[in-house]
Amino acid sequence: MKKSVILGAFAVAGLSAGMAAAGTLDDVKARGQLNCGVTTGVPGFAEPDANGVWQGFDVAVCRAVAAAVLSDSNAVQFVPTTGKTRFTALASGEIDMLARNTTWTFSRDVDLKFEFTGVNYYDGQGFMIPKELGVSSAKDLDGATVCIQTGTTTELNLADFFRSNNISYEPVPIETGAEAVQQYTAGACDVYTTDASALAAQRANFEDPDAHVIMPEIISKEPLGPLVRHGDNEWGDIVRWTLNALITAEELGVTSANLAELAGGTNNPEINRLLGTEGDLGGMLGLDGDWAERAIGVAGNYGEIFATNIGEETPIGLARGLNAQYTDGGLIYSPPFR
């Protein structure tokens with residue numbers, strides 16, 4: 001879900017970002033809890049279960065960071081944020097990191113003074129329509145009503161697509177994904193557009209998912225990932241390298257099943273550095289040697305987290321695609337642990 005580009009709204013928050021940034025690691029340790037911004041609820045990515053416990057692909061990143069820093073994956077306060085509130089929450093220090101389907105863009109990185117710590121899902125904006133409309137291409141949606149989150153890059157991408165194809169549309173403005181689904185399923189709009197992953201996630205919860213089609217066109221690049229504030233490089237390194245640890249673990253064959261065994265030492269130097277039996281990478285982060293082992297131990301490596309929450313065997317049903325490891329033709333790639 002790509003969000004707000006109305007940068008003026010965050011001017012005051014941006015001024016306070018530098019003050020809030022420094023010493024995040026110390027703050028988290030003193031508090032004994034990681035405050036992590038998530039969505040208001042996207043199936044498979046971040047939503048509370050029937051018992052109110054947050055689960056999902058993005059949630060797993062928050063829990064991995066908490067395990068690395070606090071040795072407790074449950075020491076997380078999940079803070080639901082919308083497209084409009086998430087950046088203010090991060091800039092003001094209300095949350096320590098944001099992990100909620102946020103697209104890495106120039107203005108968010110540079111003008112809003114945030115630091116993206118990597119990409120955990122490569123996505124693109126798509127369109128969903130009722131199958132009964134009988135439309136096979138988004139280029140045939142001339143005159144359609146479209147549910148769209150206001151003040152977002154989704155909104156700008158939509159305008160660009162329709163303009164470049166010389167077709168028109170009528171926007172139906174909404175605030176959250178839940179509202180979009182409600183309006184779309186009630187027939188208030190012909191089309192719902194957002195990240196293709198979110199469309200698949202939300203469709204999975206429909207009474208009859210097969211009655212709705214995600215169209216073939218992907219009209220944008222949406223690299224999604226966690227972010228922190230500018231100005232606190234130590235904290236940014238921790239979040240970045242925790243994500244990289246999950247990615248590298250999959251590449252090196254470190255799984256939830258063999259983690260304990262491999263943590264005893266192997267003949268692969270990079271596995272040993274990753275799991276802390278050689279070198280002192282943890283010390284460089286201000287953590288102990290077992291930080292990455294704890295992070296991986298929460299829900300497994302990147303591939304396991306993907307498969308469990310959003311993979312082809314789940315109701316979400318997403319193929320790895322661009323999110324396969326680079327060795328399998330995808331874009332998922334971590335710098336080396338050395």
Partner of M215 under side-chain contact (heavy atoms from CB on, under 4.5 Å), chosen from L141, L199, V191, T193: L141

Compile the donor-acceptor pairs under 3.5 Å between side chains in residues 325-338 and protein atoms, sequence neighbours left out, one pair per line.
unit_1 : atom_1 : unit_2 : atom_2 : d
Q325   : NE2    : I247   : O      : 2.9
Q325   : NE2    : E250   : OE1    : 3.0
Y326   : OH     : E251   : OE2    : 3.2
S334   : OG     : T248   : OG1    : 3.0

Answer yes or no: is there an ion pair linking K221 with D123, defined by an N-O contact shorter than 4.0 Å? no

Side-chain donor-acceptor pair present, [X], [Y], cut-off under 3.5 Å:
| X | Y | answer |
| --- | --- | --- |
| S256 | E304 | yes |
| T85 | T82 | yes |
| E94 | S92 | no |
| D109 | W104 | yes |
| T103 | E222 | yes |
| N157 | E155 | no |

When you measure from the side chain of [X] to the backbone of [Y], do you find a donor-acceptor pair of N or O atoms at a distance under 3.5 Å?
| X | Y | result |
| --- | --- | --- |
| D195 | Q125 | no |
| Q149 | E175 | yes |
| N258 | T255 | yes |
| D290 | E293 | no |
| T185 | Q182 | yes |
| N165 | I167 | no |
| T266 | L262 | no |

Please evaluate residues T117 and W241 with respect to the criterion side chain to side chain contact (heavy atoms under 4.5 Å, CB included), reporting the C-alpha separation (whole Å), side-chain torsions for both, the decisive distance (0.1 Å), and the verdict. CA-CA 8 Å; T117 59; W241 285 97; over 6 Å; no

L34 vs M97, test: side chain to side chain contact (heavy atoms under 4.5 Å, CB included). Steps then yes/no. CA-CA 8 Å; L34 172 70; M97 59 179 287; 4.0 Å; yes

Just checking, R320 and F306: is the charged tip under 6.0 Å from the six-membered ring centre and within 45° of the axis? yes

Could you please spell out the steps behind the side-chain hydrogen bond (donor to acceptor under 3.5 Å, both in side chains) verdict for D190 and T145? CA-CA 5 Å; D190 303 314; T145 54; 3.1 Å; yes

Check which hydrophobic residues are tied to I174 through side-chain heavy-atom contacts below 4.5 Å, counting indirect links as well, and list them. none

Other cluster members, V110 - Ile/Leu/Val/Met/Phe/Trp/Tyr, side-chain contacts below 4.5 Å: F106

[X] side chain near [Y] side chain, heavy-atom distance below 4.5 Å:
| X | Y | result |
| --- | --- | --- |
| T308 | T314 | no |
| L275 | L259 | yes |
| L318 | S197 | yes |
| D232 | R229 | no |
| P43 | I316 | yes |

Going by the ring pair (Phe, Tyr, Trp, His ring centres under 6.0 Å) test, which pairs reach into residues 264-304, not counting sequence neighbours? F57-Y302

Name all pairs fulfilling the ring pair (Phe, Tyr, Trp, His ring centres under 6.0 Å) condition that reach into residues 243-264, sequence neighbours left out, sorted by first residue then second. none

Side chain to side chain contact (heavy atoms under 4.5 Å, CB included) between L243 and V239: does it pass, once the steps are laid out? CA-CA 6 Å; L243 175 59; V239 176; 6.0 Å; no

Can I get a per-line list of side-chain donor-acceptor pairs under 3.5 Å for residues 58-70, giving both atom names and the distance, sequence neighbours left out?
unit_1 : atom_1 : unit_2 : atom_2 : d
D58    : OD1    : N120   : ND2    : 3.1
D58    : OD2    : N101   : N      : 3.4
R63    : NH1    : S73    : O      : 3.1
R63    : NH1    : N74    : OD1    : 3.3
R63    : NH2    : W54    : O      : 3.0

Kindly write out the residues that satisfy side chain to side chain contact (heavy atoms under 4.5 Å, CB included) with D26, not counting sequence neighbours, or none if the list is empty. none

Exactly one of T39, T40, T81 clears side-chain hydrogen bond (donor to acceptor under 3.5 Å, both in side chains) with R100, and that residue is T81

Show your working on side chain to side chain contact (heavy atoms under 4.5 Å, CB included) between F78 and E47 and close with a plain yes or no. CA-CA 10 Å; F78 291 99; E47 66 173 352; over 6 Å; no

In chain order, what residues pass the salt bridge (charged side-chain N to carboxylate O under 4.0 Å, His left out) check against [X], with sequence neighbours excluded?
| X | value |
| --- | --- |
| E234 | none |
| D237 | R240 |
| R163 | none |

Classify the ring geometry of F45 against Y121: parallel below 30°, tilted from 30° to 60°, perpendicular beyond 60°. perpendicular

Other residues, nucleotides and ligands only: do more than 12 of their heavy atoms fall within 6.0 Å of CG on N166? no

Side chain to side chain donor-acceptor pair (under 3.5 Å) partners of D288, counting only residues at least two apart: R294

Show your working on side-chain hydrogen bond (donor to acceptor under 3.5 Å, both in side chains) between Y192 and H212 and close with a plain yes or no. CA-CA 10 Å; Y192 174 28; H212 303 269; over 6 Å; no

Inter- and intrachain pairs under disulfide (SG to SG under 2.5 Å), touching residues 154-234, at least two apart: C147-C189

